[in-house]
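Each remark here refers to the structure printed beneath this line.
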Amino acid sequence: MKKRIICIFTTIVILMFSIVAFAEDTTTSSNLFSCDSNIAVNKDVDGDVYTFGNSISIGNIIGGDIISAGRDINIQSSEVKGNIRTASQTVNIDVGRTKNITVAGESINIGDKTNANAIYLAASDISFKGETNDFYASAQTIVIDGTVNGNLNVDCENITFTENAVVKGNIKVKSSNEPNLNSKMSMSDIDYEKITTNNEEEGIFTKSNIVDFLISLVAAIITGLILYVLLNKSLFGFDRKLSKSYKYLLIGLAVLIIMPILSLLLIISVICVPVGIIILILYGIIIYLCPVILGIILGQLILSKQNPILQVLLGILIIKVLLLIPYISFIIWFLSVLFILGLITMKLYSYICKK
């Protein structure tokens, strides 16, 4: 549960850094792009709507998709012909007809007028009062007060089915507590899996966690060996005294913040949409690989005169073990991201200067 909340929080924070950096309201062809502190879309839009701000309100008929990120988002519309995708602290959606709804946030409310093809939600608290074909959610608390014509699949701590709740398909619930059912339902109607909640310190060495760790370790080592072969001369030959470590961390922090902003600017420019998307994908891949790259470097520092394969194995093993430790794992991951982003940036800068 904590990992899910951290992921949601990190997504919103990065988006918010991007939002405050610029403000723009542009209509390109049939699409609407708006970046401002307070945004209100009170007109019909034939195409897609892209909004990024603190407080966002969208009404009227939208002919395409809604892609939105901010602090508070309210979508009240008779029809959104495309999909709705949002990330926000608080999201309220009440849409007459739409395709799929995908939302990440802290508190999500789906109104009783909503009629969607499928709904995918991740939050702390979720309230659903509308109608959908399929419903998928992950949260701490979920209240179902609407109609699901197809399947319902949730992962939560607590779920309540009110007297208005109707689920016509299969119901699958993973929860630490038994569902609170209405008078029309029984536990025989539900595929219920009880989740045992233990303290993180007690759950580190469970059989499931050990298997997951070994699979993750093997995958990281294979990835590390490939990276070492491909990038040994260009990336891993660096100052072993770590005299520039603080510079790498500062530069990495700047890159971590600036890259999403740059990508969004390129995407909003329309002409450079492919470039912006490519940069954003590469940005995500590099962040994902940062702990592995740091492990290779750490192995080189510890076993500087040993076989390169041993360096990779030891370094990655140390990093993976550190990432298992509760409370400090996120700090280790975050520092590895800053350090490696800074290192890669400095290497690219040196390469360009030499050219």
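Because the structure is a prediction, the values reported are computed rather than measured.
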### Message
Counting neighbours of NZ on K168 that are heavy atoms of other residues, nucleotides or ligands and sit closer than 6.0 Å, is the number greater than 12?
### Response
no
### Message
Using every non-hydrogen atom in the two residues, find where D189 and K184 come nearest and quote the distance to one decimal.
### Response
OD2-O, 4.4 Å
## Note on the structure
dist N83:CG -> T98:OG1 (nearest 0.5 Å) comes out at 6.5 Å
### Query
In terms of hydrophobic clustering (I, L, V, M, F, W, Y; side-chain heavy atoms under 4.5 Å; direct or indirect links), are F161 and Y136 co-clustered?
no
#### Entry: Hydrophobic cluster membership, L338 vs L301, 4.5 Å side-chain cutoff
yes
### Task
Using the test side chain to side chain contact (heavy atoms under 4.5 Å, CB included), find all partners of I318 that sit at least two apart in sequence or belong to another chain.
L298, I302, L314, L322
### Message
Other residues, nucleotides and ligands only: do more than 12 of their heavy atoms fall within 6.0 Å of NZ on K194?
### Response
yes
### Message
Within the 3.5 Å criterion, strictly below it, is a donor on D46 or S30 matched to an acceptor on the partner's side chain?
### Response
no
### Summary
Here the pair of heavy atoms bringing S77 nearest to I62 is OG-N, 4.4 Å
Sequence neighbours left out, cut at 3.5 Å: what donor-acceptor pairs do the side chains of residues 113-123 make with other protein atoms?
from : atom 1 : to   : atom 2 : distance (Å)
T114 : OG1    : I93  : O      : 3.3
T114 : OG1    : V95  : N      : 3.2
T114 : OG1    : G111 : O      : 3.2
N117 : OD1    : N133 : ND2    : 3.0
N117 : ND2    : N100 : OD1    : 3.2

### Message
Minimum heavy-atom separation for D65 and D48, please, with both atom names.
### Response
N-OD1, 2.7 Å
### Query
Between L282 and I340, is there a shared hydrophobic cluster once you connect ILVMFWY residues whose side-chain heavy atoms come closer than 4.5 Å?
no
### Task
For residues I73 and S88, report the shortest heavy-atom separation together with the two atoms involved.
CD1-CB, 3.5 Å
### Query
Is it the case that Q140 and S124 place a side-chain donor and acceptor less than 3.5 Å from each other?
yes
### Task
Look at the side-chain heavy atoms of Ile, Leu, Val, Met, Phe, Trp and Tyr, link any pair under 4.5 Å apart, and say whether F339 and F330 land in one connected group.
yes
### Any donor-acceptor N or O pair under 3.5 Å, side chains N180, T160
yes
### Query
Which heavy atom in G224 sits nearest to a heavy atom in V292, and how many Å separate them?
CA-CG1, 3.6 Å
### Task
Specify the closest pair of heavy atoms between N151 and D134, including all atoms of both residues, with the distance to one decimal.
N-OD1, 2.8 Å
### Query
Can you find a side-chain donor-acceptor pair between S68 and T51 that sits under 3.5 Å?
yes
### Task
Would you indicate whether the side-chain heavy atoms of D191 and N170 approach each other to under 4.5 Å?
no
### Task
Considering only Ile, Leu, Val, Met, Phe, Trp and Tyr, and joining two whenever side-chain heavy atoms are under 4.5 Å apart, list the other residues clustered with I258.
none
### Query
Do V143 and I101 belong to the same hydrophobic cluster, where Ile, Leu, Val, Met, Phe, Trp and Tyr are linked whenever their side-chain heavy atoms lie under 4.5 Å apart, directly or via other members?
no
